[in-house]
Amino acid sequence: MEVGEVHAWPSTVEEARDIQDRLRPSLELGDPGPQRPATIAGLDVSYAGDGTGVDRLAAAVVVLDAVTLETVEEAVVAGIAAFPYVPGLFAFRELPTLLEALRRLDTTPGLLVCDGAGLAHPRRFGLACHLGVLTGLPAMGVAKTRLFGRHDQPGPRRGATADLLDDGGEVVGRVLRTQDGTRPVYVSVGHRIDLDTACRHALALSPEFRLPETTRRADRLSRAALRAG
DNA sequence: GCGACAG
DNA sequence: ATCTTGTCGC
């Protein structure tokens with residue numbers, strides 16, 4: 001798919017925050033209307049520290065048929081961490097390599113499912129927002145643990161939810177139980193999608209396991225590539 | 001000052 | 001994220 005050049009890269013935490021502030025106005029958060037993505041892409045990155053502080057990584061993207069959940073295409077790229085890990089600035093670590101993986105796709109996915117946060121972020125601009133704005137595609141985040149927002153515990157059964165709220169009581173995401181008796185996942189909107197739709201996709205993508213098939217397959221692919229390369 | 005902190 | 005053994009459960 002077509003992906004433009006990434007913006008100027010930050011060398012400091014302050015510069016990274018400035019970039020988030022500059023891109024945030026481009027977010028499309030209103031009701032996007034009827035959406036029926038034919039394909040959904042999952043993205044994930046695996047790391048291997050090289051001892052010296054230089055982190056090798058492999059970014060993978062796996063495209064699934066939205067209905068059958070069969071894999072229709074995949075791409076994986078080896079790279080180097082582009083920024084240190086700083087909570088809230090996580091996107092700057094793997095964004096360049098993830099964009100390169102997307103460029104190698106023949107397909108243009110109808111939705112991006114990122115492993116991490118979207119709006120459920122201290123600065124309301126998590127990886128899913130960043131990736132959505134840069135590609136122009138609908139994007140959402142599904143995180144395995146909480147980064148931001150307070151919430152009650154969702155019920156014990158698959159499908160149970162609880163809203164994620166910021167300090168002002170605004171809904172920034174939703175805690176979703178994808179399987180009976182397992183820990184929930186943290187869903188939030190990234191770009192051009194609403195929370196109800198995002199949760200509906202997260203649940204549909206998790207028919208058998210806690211994590212969405214998109215995330216599981218991208219995780220497997222990125223780990224395998226890390227060993228090979 | 002003391003916790004919290006996506007991956 | 002990654003480092004790591006055994007172990008409880010379907």
Side-chain angles (χ1 to χ4, degrees), chain A residues 13 16-17 19-20 23-24 42-62 76-99 101 112-134 139-151 156-158 164-167 172-176 178-191 195 198-199 202 207-212 214-227 229:
Chain A
V13 165
R17 291 187 176 137
I19 291 172
Q20 292 182 323
L23 295 179
R24 193 180 302 100
L43 305 91
D44 192 27
V45 176
S46 291
Y47 295 86
D50 282 20
T52 59
V54 179
D55 293 322
R56 273 198 316 126
L57 59 77
V61 52
V62 177
V76 59
V77 176
I80 296 296
F83 207 79
Y85 174 67
V86 179
L89 300 179
F90 169 64
F92 293 95
R93 200 163 166 66
E94 43 188 54
L95 210 48
T97 316
L98 281 173
L99 291 174
L112 263 31
V113 177
C114 312
D115 63 314
L119 271 191
H121 176 280
R123 301 170 58 76
R124 309 299 190 282
F125 202 75
L127 174 64
C129 299
H130 208 140
L131 220 34
V133 167
L134 263 43
M140 57 179 272
V142 177
K144 293 179 287 296
T145 62
R146 186 196 69 88
L147 166 67
F148 175 80
R150 25 184 233 76
H151 66 88
R157 311 290 290 181
R158 166 180 159 86
L164 255 180
L165 311 170
D166 66 13
D167 298 325
V172 297
R174 198 165 284 158
V175 185
L176 169 68
T178 54
Q179 291 294 321
D180 292 354
T182 64
R183 300 185 320 165
V185 296
Y186 299 74
V187 179
S188 61
V189 160
H191 183 59
L195 188 54
C199 287
E208 188 174 7
F209 302 101
R210 179 173 86 114
L211 298 181
T214 37
T215 300
R216 298 185 70 247
R217 290 179 206 176
D219 179 72
R220 273 186 23 176
L221 180 57
S222 62
R223 292 196 190 200
L226 205 53
R227 291 193 175 192

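Atom set for the values below is all heavy atoms of this structure, side chains included, hydrogens, waters and symmetry mates excluded.
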Just to be sure I understand the rule, does [X] reach a base, reach only the sugar-phosphate, or reach nothing, if contact means heavy atoms closer than 4.0 Å?
{"X": "A/L127", "result": "base"}
{"X": "A/G88", "result": "base"}
{"X": "A/L43", "result": "nothing"}
{"X": "A/R223", "result": "sugar-phosphate"}
{"X": "A/A117", "result": "base"}
{"X": "A/D115", "result": "sugar-phosphate"}

Short side-chain N/O contact from [X] to OP1 or OP2 of [N], under 4.0 Å:
{"X": "A/T145", "N": "B/dC5", "answer": "no"}
{"X": "A/K144", "N": "B/dG7", "answer": "yes"}
{"X": "A/Y85", "N": "C/dA1", "answer": "no"}
{"X": "A/R146", "N": "B/dC5", "answer": "yes"}
{"X": "A/R93", "N": "B/dA6", "answer": "no"}

How many whole angstroms separate atom [atom1] of [X] from atom [atom2] of [N]?
{"X": "A/L226", "N": "C/dT2", "atom1": "CG", "atom2": "P", "value": "7 Å"}
{"X": "A/Y47", "N": "C/dT2", "atom1": "OH", "atom2": "C1'", "value": "11 Å"}
{"X": "A/L176", "N": "B/dA6", "atom1": "CG", "atom2": "P", "value": "19 Å"}
{"X": "A/L147", "N": "B/dC5", "atom1": "CG", "atom2": "C1'", "value": "7 Å"}
{"X": "A/F148", "N": "B/dG7", "atom1": "CZ", "atom2": "P", "value": "16 Å"}
{"X": "A/L98", "N": "B/dG7", "atom1": "CG", "atom2": "P", "value": "14 Å"}
{"X": "A/L211", "N": "B/dG7", "atom1": "CG", "atom2": "C1'", "value": "13 Å"}
{"X": "A/Y186", "N": "B/dC5", "atom1": "OH", "atom2": "C1'", "value": "13 Å"}

Could you measure the distance from the CG atom of A/L164 to the CZ atom of A/R150? Nearest 0.5 Å is fine. 10.0 Å
Would you kindly say whether A/R210 and A/Q179 are connected by a side-chain donor-acceptor distance under 3.5 Å? no
Taking A/R124 first and then A/D166, would you say they form a salt bridge - that is, a charged N and a carboxylate O separated by under 4.0 Å? yes
Should A/D180 and A/R157 count as an ion pair when the cut-off is N to O under 4.0 Å? yes
Has A/E94 got a side-chain atom pairing as donor or acceptor with A/I80's backbone, closer than 3.5 angstrom? no
